[in-house]
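Please read the structure below before turning to the comments.
Within every chain, numbering begins at 1; the chains are lettered A, B, ... in the order of the sequence lines, protein sequences first and strands thereafter. Values below: all heavy atoms of this structure, side chains included; hydrogens, waters and symmetry mates excluded.
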Amino acid sequence: MSLAVRVRSAITAALDAMVRAGDLAADAVEGSTWVLERPKRPEHGDLATNVAMALAKRAGQPPRAIAEKLARALAESDVIAAAEVAGPGFVNLRLHPRVFQDEIQEVLRAGAGWGRAPAATGERIDLEFVSANPTGPVTVASGRNAVLGDAVGRLLEATGHRVTREYYINDRGNQVRKFAESVRAAATGKAPPEDGYKGAYVIELAGWLRGAEPALLDGDDVDALGRACVTWMLRGVPGSRTLPGIRPSLADLRVHFDVWFSEESLYRWGAVPAVMRQLEQGGHLLRKDGALFFQAPEGSVEDKDRVVRKSDGTWAYFASDVAYFADKIARGYDRLIAVLGADHHGYVARVRNALSALGLPPDRFEALLYQLVFITKGGEAVKSSKRAGNFVTIDEVMDEIDEAAGRKGAGADALRFFFLSRSANSNVEFDIELAKKKSLDNPVFYVQYGYARLCSIHRKARTIGLVAPARAGLSGTDLAKLVHPDELAIAHKLADFPELVAEAAKLREPHRIVFYIQELARDFQSYFTRLKGAGDPILPRDSARAVPGWEATWDLDKTHARLAWIEAIRLTYAQALALVGISGPERMDRPAEESPEGAEDTGAESDA
RNA sequence: GCGCCCGUAGCUCAGCUGGAUAGAGCAAUGGCCUUCGAAGCCAUGGGUCGUCCGUUCGAAUCGGACCGGGCGUACCA
């Protein structure tokens with residue numbers, strides 16, 4: 001049983017006892033809502049409750065009077081060591097160390113399942129994210145979408161939902177046509193068309209298609225060429241750094257999809273006209289100025305009429321979107337989540353209205369909006385545009401950081417941490433120069449270093465013949481040896497983890513996990529360093545072990561208890577990192593120091 | 001104009017389903033490595049929580065008005 005549940009039931013039992021003793025009216029307790037919270041200040045106890053204040057009105061007693069009686073009644077409990085009344089009527093609780101020690105056992109018993117709900121007990125969720133136009137590489141701006149969507153997916157899975165990760169490929173329409181025309185122009189050495197794509201990758205793609213798809217390049221089927229371009233954009237050009245491919249780039253970020261859904265396929269299967277016919281039969285389409293509009297349903301204040309077929313006879317993107325969402329619902333999901341930049345927020349009402357018009361449940365659609373990423377360079381705003389070809393790709397950022405850290409994947413870790421360490425509601429400024437220059441200052445490395453150190457303690461323990469009891473079961477380990485206040489406090493923090501995961505998943509807020517990891521890392525590092533200063537090492541030092549008969553004076557039980565505790569921390573840490581897709585390295589070597597400027601450098605000035 | 005998001009320390013951000021003396025990282029200053037990992041630890045300084053009004057025993061948190069910023073309000077996607 002979890003710590004919070006144990007404490008809550010102790011309070012409930014005490015309230016019941018008060019009712020039986022006539023100290024409290026039964027109907028005051030019935031249906032009341034009160035909270036158990038972590039006080040900010042340690043003097044206020046391990047936990048505190050506002051129950052006395054919450055009951056005061058209905059009980060017809062002053063909060064402090066109820067609190068006093070509750071504190072006395074709690075004295076009977078075996079989980080609460082002390083209860084005292086404070087302030088306007090808070091009851092501050094101090095728990096028996098045993099409660100925290102038991103929690104270590106809970107963590108170890110749960111193992112890799114710690115913090116996770118049983119699988120496949122929740123909803124079937126379709127999670128659509130990224131879905132960036134396949135007319136350019138993955139930019140840092142899309143990276144935020146990718147990382148957020150992926151982390152939310154991990155959270156949803158951890159809380160028992162079945163998640164399909166989906167990328168909607170806009171592989172038709174104006175943008176793709178323009179892209180194809182730009183590639184064709186580049187292949188023949190011509191200037192790109194007006195509003196065409198100008199990046200270096202366009203030229204690279206053209207060169208590649210010259211070998212791979214010459215017939216398409218020279219033919220006159222722009223749509224077919226467009227599809228080929230999209231295919232190669234997704235897949236990447238072998239060996240190219242300019243065109244690594246959307247799919248491999250995302251894979252480097254540890255973002256994977258179950259479904260790559262083609263917009264064009266909705267037309268190929270006739271889904272768009274079918275859905276439009278249905279809307280028309282329902283009287284939701286309106287002809288105006290030679291175009292066809294979707295009429296927002298009566299009473300929907302949110303949105304106005306939207307074009308579905310332009311006056312030139314082509315379908316607008318909104319037509320395929322309606323068909324797409326209808327298709328998703330037909331696939332039987334309980335919930336459709338789309339991760340969207342804030343610039344798409346108007347889209348939410350549009351999709352909901354269309355679903356209602358089709359007689360489908362609009363509430364199944366949920367938008368997860370995040371604020372936009374502003375790219376700057378040395379503080380100056382950079383206008384990012386795929387068409388103009390000036391953008392920052394996640395690959396260049398990841399490569400740069402990988403190199404600085406001397407470890408493949410460090411860039412993905414840093415990027416993920418950067419985007420996930422703030423709420424989706426806050427704007428992000430991404431400074432290219434800063435990101436590259438200070439890449440090793442990213443707090444993710446602090447967090448990872450903390451993980452590596454936990455692992456290192458286990459390694460060291462093994463070399464002197466000690467094995468964390470956790471790994472072989474806890475039998476014989478006396479967790480009562482964990483008495484250091486920090487050890488109990490950290491155990492308490494571990495106890496918070498499952499509830500935190502549930503909360504973060506419910507709110508779709510992975511940044512909560514990131515903050516938790518940082519706190520856990522800090523708490524342990526602080527404890528560890530201070531323990532060293534206090535001359536109370538976890539493991540016997542080499543010099544101590546050199547003395548014959550050292551075992552007689554060493555408290556081996558305490559060491560075992562601490563190793564079990566460390567394993568519980570490591571496990572929680574690993575689970576938390578996995579939830580946000582950040583790697584937990586077992587070792588981390590400090591990257592080679594840059595040689596001090598000019599130290600050995602008697603040669604020419606650089607960049608003269 | 002209307003709609004959504006934001007305004008918290010010098011900077012970047014947590015905290016916002018109401019709780020006690022508002023937190024972290026970076027930056028600044030001063031300490032701490034002869035053995036378990038110093039990418040660290042400890043300490044100090046730094047805040048009218050945009051402004052005003054309201055609700056409440058209690059407001060950074062809820063409501064209203066205003067100020068400032070971002071985004072949207074396309075026959076672009």
Inset, instruction - Could you state the atom-to-atom distance from CG of A/D431 to C1' of B/C26 in whole Å? - result: 15 Å

Inset, instruction - Report which part of the nucleic acid A/A544 touches: base, sugar-phosphate, or nothing (heavy-atom distance under 4.0 Å, all strands). - result: nothing

Inset, instruction - Determine, for nucleotides 71-77 of chain B in 5'-to-3' order, which nucleotides have protein heavy atoms under 4.0 Å from the base (write B), from only the sugar-phosphate (write S), or from neither (write -). - result: BSSSBSB

Legend entry - Separation of A/M233 CE from A/F179 CZ (nearest 0.5 Å): 4.5 Å

Inset, instruction - Starting at the 5' end of RNA chain B, write a dot or bracket for each base, bracketing those in Watson-Crick or G-U wobble pairs whose two distances are under 3.5 Å and using | for partners on another strand. - result: (((((((..((((.....[...)))).(((((.......))))).....(((((..]....))))))))))))....

Legend entry - Value rounded to 0.5 Å, distance of CG in A/L234 from OH in A/Y167: 6.5 Å

Inset, instruction - May I ask you to say what A/D589 touches in the nucleic acid, namely base, sugar-phosphate or nothing, with a heavy-atom cut-off under 4.0 Å? - result: base

Inset, instruction - Examine distances only and state if a side-chain atom of A/R352 and a backbone atom of A/V348 form a donor-acceptor pair shorter than 3.5 Å. - result: no

Inset, instruction - Using a heavy-atom cut-off of under 4.0 Å over every strand shown, decide if A/A461 touches base, sugar-phosphate, or nothing. - result: nothing

Inset, instruction - Mark yes when over 12 heavy atoms from residues, nucleotides or ligands other than A/E194 sit less than 6.0 Å from its CD; otherwise mark no. - result: no

Inset, instruction - Let me know the distance between CD of A/E519 and P of B/G15, rounded to the nearest Å. - result: 11 Å

Inset, instruction - Select base, sugar-phosphate, or nothing to describe what A/A48 touches, counting heavy atoms under 4.0 Å on all strands. - result: base

Inset, instruction - Let me know the distance between CG of A/D441 and C1' of B/G40, rounded to the nearest Å. - result: 14 Å

Inset, instruction - Between protein and nucleotides 46-51 of chain B, map the contacts as a letter string: B base, S sugar-phosphate only, - none, heavy atoms under 4.0 Å, written 5' to 3'. - result: ------

Inset, instruction - Answer yes or no: does a side-chain N or O of A/K40 lie under 4.0 Å from OP1 or OP2 of B/A20? - result: yes

Legend entry - Within 6.0 angstrom of A/E366 CD, more than 12 heavy atoms from elsewhere: yes

Inset, instruction - Could you work out which one of B/U35, B/G40, B/A20 sits closest to the side chain of A/Y446? - result: B/G40

Inset, instruction - For A/D289 and A/A291, indicate whether the former's side chain and the latter's backbone hold a donor-acceptor pair under 3.5 Å. - result: no

Inset, instruction - Find the distance between OG1 (A/T49) and CZ (A/F90) and round it off to the nearest 0.5 Å. - result: 9.5 Å

Report, one pair per line, the protein and nucleotides 12-14 of chain B atoms (nitrogen or oxygen only) whose separation is under 3.5 Å.
| unit_1 | atom_1 | unit_2 | atom_2 | d |
| --- | --- | --- | --- | --- |
| B/C13 | OP1 | A/R422 | NH1 | 3.2 |
| B/C13 | OP1 | A/N427 | O | 2.9 |
| B/A14 | OP1 | A/S423 | N | 2.6 |
| B/A14 | OP1 | A/S426 | OG | 3.2 |

Legend entry - All pairs passing salt bridge (Lys or Arg N to Asp or Glu O under 4.0 Å) where residues 423-434 of chain A contributes a residue, at least two apart: none

Legend entry - Rounded distance in Å - CZ (A/R530) to C1' (B/A43): 13 Å

Legend entry - OP1 or OP2 of B/G37 under 4.0 Å from side-chain N/O of A/S456: yes

Legend entry - Minimum-distance nucleotide to A/P39 side chain [options: B/G15, B/G40, B/A20]: B/A20

Legend entry - Separation of A/R64 CZ from A/M53 CE (nearest 0.5 Å): 10.0 Å

Legend entry - A/K532 vs B/U35: side-chain N/O to OP1/OP2 distance below 4.0 Å: no

Inset, instruction - Ignoring the backbone of A/D542, work out which of B/A24, B/U35, B/A20 is nearest its side chain. - result: B/U35

Inset, instruction - Could you check whether A/R587 gets within reach of a base, just the sugar-phosphate, or nothing at all, counting any heavy atom under 4.0 Å? - result: base

Legend entry - No-H, no-angle donor-acceptor pair, A/Y449 side chain to B/G40 base, under 3.5 Å: no

Legend entry - A/S182 side chain vs A/K178 backbone, donor-acceptor pair below 3.5 Å: yes

Inset, instruction - Ignoring the backbone of A/M53, work out which of B/G19, B/C41, B/U21 is nearest its side chain. - result: B/G19

Inset, instruction - Using atom CZ of A/R407 as one end and atom C1' of B/A39 as the other, report the distance to the nearest whole Å. - result: 11 Å

Legend entry - Reported CZ-to-CG distance for the pair A/F497 and A/L520, which is rounded to 0.5 angstrom: 9.0 Å

Legend entry - base_contact_polar (B/A20 base, A/N92 side chain, donor-acceptor, <3.5 Å): yes

Inset, instruction - Report yes or no: does A/S583 contribute a side-chain atom to a donor-acceptor pair with the main-chain N or O of A/P585 at less than 3.5 Å? - result: no

Inset, instruction - Measure from the side chain of A/A452, starting at C-beta and using heavy atoms only, and say which of B/G37, B/C41, B/U21 lies closest. - result: B/G37

Legend entry - A/R422 to A/F418, cation-pi by 6.0 Å centre distance and 45° axis angle: yes

Legend entry - Distance, rounded to the nearest Å, where A/L454 contributes CG and B/G40 contributes C1': 14 Å

Inset, instruction - Hey, could you give me the OG/CG distance between A/S320 and A/D327, rounded to the nearest 0.5 Å? - result: 12.0 Å

Legend entry - ring-ring contact (aromatic ring centres under 6.0 Å, His included) contacts in which one or both residues fall within residues 519-547 of chain A, not counting sequence neighbours: A/H484-A/Y527, A/F524-A/Y527, A/F524-A/F528, A/F524-A/W565, A/Y527-A/W565

Legend entry - Euclidean distance, atom CZ of residue A/R352 to atom C1' of B/C4 [Å, nearest integer]: 13 Å

